[in-house]
Amino acid sequence: MSVFRDKAHLLKLIKQHCGIFSIELPVNDDELYRDIIVDDTLLTFSSYFPRILSVPANLNELRLDNDKQNTVSDMSNIYKLPPIVTDSSDRVIIGIESILPYNDMRYQSVPSAYETIESFQALAISQTVGDLASVMEPPFLPEFIAPDRFRVNNGTYYKDQIIINVELSFSTELYDIPMTQRQAFYKLALLDAKRYFWNHLKYYKDFQTAIASFNLPIDDWADAESKREELLEKWDEQFHLSRVPVVWC
């Protein structure tokens, strides 16, 4: 499967592998790119392999006190994400991958004078206490509420300084898709293109141009829908393996 350089190269590869590169289609390249890649492939791919943006934040500053979806009485558990994407952005927020406590250890060190048996014993005891607390304390579970809010269930409010790992869609220009993921993106884009051609161009199977008559390979695209479902089912099986416990509603 191919790896594309940019969106123009992606569209060229699709047309080549569909056998229509030298054929003038009833729709232009801009329409093809918008209808296939922007409206279909991009958001589907981003929901499986989103771009992760780490956002430092303070829960107290994000809390919405009067939100109707609040489910506790003492302190609101509904928060609003900082302004990550603007109205003019071509990205959308997919969800929240995780919320982690902020822990800055950059300026801490252990002088050699403290490297004693007692210090390592104290460290082991601290780790044991932490392990015990993690079992006794309910999980810190964020729940994403589209388009830009979230609920924190079982929140421990002494952990107000947090890192929110926000899931975003990729740019419509495709430049921010990692090279290691572009082969997977192309697999989906090619199937989306064949599905699009099957549904929209089957009425143009045989057509005449000023140069010659063309017979589009419509039959080669008939199974694109089923192959696309097989690919997404495979991704569904692998999707949960890399996920942390987050709820989407």
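Numbering starts at 1 and runs along the sequence shown. As a basis for the values below, the full set of heavy atoms in this structure was taken, side chains included, without hydrogen atoms, waters or symmetry mates.
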Problem set entry | Flag, side chain of R149 to backbone of L64, donor-acceptor distance under 3.5 Å | no

For this session: With the side chain counted from C-beta on, respond yes when E97 and F144 share a heavy-atom pair under 4.5 Å apart, and no when they do not.
Result: no

Exercise. Do any N or O atoms from the side chain of S169 and from the backbone of V92 form a donor-acceptor pair under 3.5 angstrom?
Worked result: yes

Exercise. Below 4.5 Å, heavy atoms only, C-beta onward: do D223 and W198 meet side chain to side chain?
Worked result: no

Problem set entry | Counterpart residues, salt bridge (Lys or Arg N to Asp or Glu O under 4.0 Å), relative to R228 (two or more places apart) | D40, D192

Exercise. Between CD1 of I78 and CZ of R151, what distance do you get to the nearest 0.5 Å?
Worked result: 4.0 Å

Exercise. Side chains of N165 and S54: is there a donor and an acceptor less than 3.5 Å apart?
Worked result: yes

Exercise. Is there a side-chain contact between R34 and D39 (heavy atoms, below 4.5 Å)?
Worked result: yes

Exercise. Okay, side chain of D6, backbone of H9: is any donor-acceptor separation there less than 3.5 Å?
Worked result: yes

Exercise. Would you say Y48 and L232 make side-chain contact, with heavy atoms under 4.5 Å?
Worked result: yes

Problem set entry | Ionic contact status for R51 with E167, cut-off 4.0 Å | no

Exercise. Any sub-3.5 Å donor-acceptor pair from N77's side-chain atoms to N70's backbone N or O?
Worked result: no

For this session: Indicate yes or no for a side-chain donor-acceptor contact from S89 to the backbone of V85 under 3.5 Å, with no hydrogens or angles considered.
Result: no

For this session: Kindly say whether the aromatic ring centers of W221 and Y196 come within a distance under 6.0 Å.
Result: no

Exercise. Within a strict 4.5 Å, meaning less than it, do heavy atoms of the Q183 and S2 side chains meet?
Worked result: no

Exercise. What distance separates K227 NZ from R195 CZ, expressed to the nearest 0.5 Å?
Worked result: 14.5 Å

For this session: Measure from NZ or CZ of K80 to the centre of the six-membered ring of F150, then state whether that distance is under 6.0 Å and the direction lies within 45° of the axis.
Result: no

For this session: Using modelled atom types only, decide if a donor and an acceptor are shared between the side chain of R182 and the backbone of V3 within a distance under 3.5 Å.
Result: no

Exercise. Does CG in N66 sit with more than 12 non-hydrogen atoms of other residues, nucleotides or ligands closer than 6.0 Å?
Worked result: no

For this session: Output yes when K15 and D29 qualify as a salt bridge under the 4.0 Å nitrogen-oxygen rule, no when they do not.
Result: yes

Exercise. How many angstroms lie between atom CD1 of I177 and atom OG of S171, to the nearest 0.5 angstrom?
Worked result: 8.5 Å

For this session: Count the heavy atoms of every other residue, nucleotide or ligand shown that sit under 6.0 Å from CZ of R5, and state whether that count exceeds 12.
Result: no

Exercise. For the side-chain contact (heavy atoms from CB on, under 4.5 Å) test, which of T172, L43, D90 pairs with V38?
Worked result: T172

For this session: Please confirm whether F49 and F185 have ring centers closer than 6.0 angstrom.
Result: no

For this session: Have a look at L62 and tell me which of L81, D160, I164 forms a side-chain contact (heavy atoms from CB on, under 4.5 Å) with it.
Result: I164

For this session: May I ask whether F21 and L10 are part of the same hydrophobic cluster, defined by side-chain heavy atoms of I, L, V, M, F, W, Y residues being less than 4.5 angstrom apart, directly or through others?
Result: no

